[in-house]
> 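Quick one: the structure is below, questions incoming.
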Amino acid sequence: MWLVFMALFCIHLVYGNSLPKWLFLTSRYLPTIVIFTYVFVTEPNHPHFTALLSIGILLAVLADVSFNHFNDRYFFTYSTSLLAHLAFYFATLMMLHNPPTLWLSILIASVGVIIYLLLLPKLASYKFITAIYFIVSIFLLWSSGEYWLEINAMPALLTFIGILFFVSFNTLQSIVRVTGTRTALLDKMLTVCFFTFQGLLVLSIHTL
């Protein structure tokens with residue numbers, strides 16, 4: 001399974017938009033089908049956690065389809081992406097049992113506010129919805145970070161890093177949407193984040 005995943009990732013990363021449309025779609029979205037098949041044929045130790053992560057991945061992929069192929073469906077892209085954040089948030093939140101870690105909460109909130117303020121001059125009419133996105137992202141990063149600190153094991157670390165790539169992926173998409181600029185470098189960064197967060201989250205399920 002992972003060989004197929006990596007092969008399609010490499011094809012998509014190297015050739016990207018130069019691929020015929022059918023091969024572009026296949027190399028970008030077939031890996032999701034492959035890893036979902038893997039998840040469904042295994043018996044997870046934490047079915048609710050697995051279900052929420054799987055729902056989050058599916059919603060994130062739907063948002064990516066809308067972002068890349070239906071430019072006029074901004075509300076669908078945004079709301080689907082936001083639901084993916086919430087699915088991941090509740091997945092990690094349900095694994096927590098200890099009180100919040102103060103330094104982690106302050107660190108993540110501070111970084112989120114700083115990045116938002118840096119983007120603020122270019123947001124124009126997107127200020128409010130971007131603020132909502134950043135608030136949800138802060139809570140998601142906090143819960144996944146707390147999960148890692150509390151469990152202190154490889155599955156939790158994979159989840160946390162996967163969430164970092166997921167948030168980075170959506171932040172890059174937001175930058176493309178707001179600025180209207182989409183370079184070859186940005187496309188490759190989006191591709192790396194898109195494949196990486198899916199792979200890491202599935203690995204976190206497998207190793208749990």
> Main chain of Phe194, side chain of Gln198: is a donor-acceptor contact present, judged purely on distance under 3.5 Å?
yes
> Tell me the salt bridge (Lys or Arg N to Asp or Glu O under 4.0 Å) pairs involving residues 185-204, sequence neighbours left out?
Arg182-Asp187
> Mind listing the closest non-hydrogen atom pair of Phe195 and Pro31 along with its distance?
CE2-CG, 3.4 Å
> Are Ile33 and Leu30 close enough that some pair of their side-chain heavy atoms sits under 4.5 Å apart?
yes
> Output yes when a side-chain donor or acceptor of Thr26 lies under 3.5 Å from a complementary backbone atom of Leu23, and no otherwise.
no
> What's the shortest heavy-atom distance between Leu172 and Cys193, and which atoms?
CD1-SG, 4.3 Å
> What distance do Phe165 atom CZ and Met189 atom CE have between them, rounded to the nearest 0.5 Å?
10.0 Å
> So do Thr50 and Ser54 actually touch side chain to side chain, heavy atoms under 4.5 Å?
yes
> Output yes when a side-chain donor or acceptor of Ser144 lies under 3.5 Å from a complementary backbone atom of Leu141, and no otherwise.
yes
> Given 3.5 Å as the limit, does a donor-acceptor pair link the side chain of Glu150 with the main chain of Asn98, or not?
yes
> According to a 4.5 Å side-chain heavy-atom criterion applied to Ile, Leu, Val, Met, Phe, Trp and Tyr, with indirect links allowed, do Leu102 and Phe160 form part of one hydrophobic cluster?
no
> Any non-hydrogen side-chain atom of Tyr29 less than 4.5 Å from a side-chain atom of Asp64?
yes
> Using 30° and 60° as the class limits, which term best fits the ring planes of His12 and Phe24: parallel, tilted or perpendicular?
tilted
> Would you confirm whether Thr183, through its side chain, and Leu186, through its main-chain N or O, come within 3.5 Å as a donor-acceptor pair?
yes
> Look at the rings of Phe166 and Phe197 and say which category their plane angle falls in: under 30° parallel, 30 to 60° tilted, over 60° perpendicular.
perpendicular
> Side-chain heavy atoms nearer than 4.5 Å, only ILVMFWY residues, links allowed to pass through others: does that put Val113 and Trp103 together?
yes
> If I compare all heavy atoms of Thr92 with all of Ser143, which pair ends up nearest, and what's the gap?
OG1-OG, 2.7 Å
> Sub-3.5 Å donor-acceptor pair from the side chain of Thr130 to the main-chain atoms of Lys127, do we have one?
no
> If you look only at distance, which donor and acceptor atoms sit under 3.5 Å apart when one is on a side chain in residues 3-11 and the other is two or more places apart or in another chain?
none

> Show me the donor-acceptor pairs, under 3.5 Å and distance only, between side chains in residues 81-89 and residues at least two apart or in other chains.
from, atom 1, to, atom 2, distance (Å)
Ser81, OG, Asn170, OD1, 2.5
His85, ND1, Ser81, O, 2.8
His85, NE2, Ser137, OG, 3.4

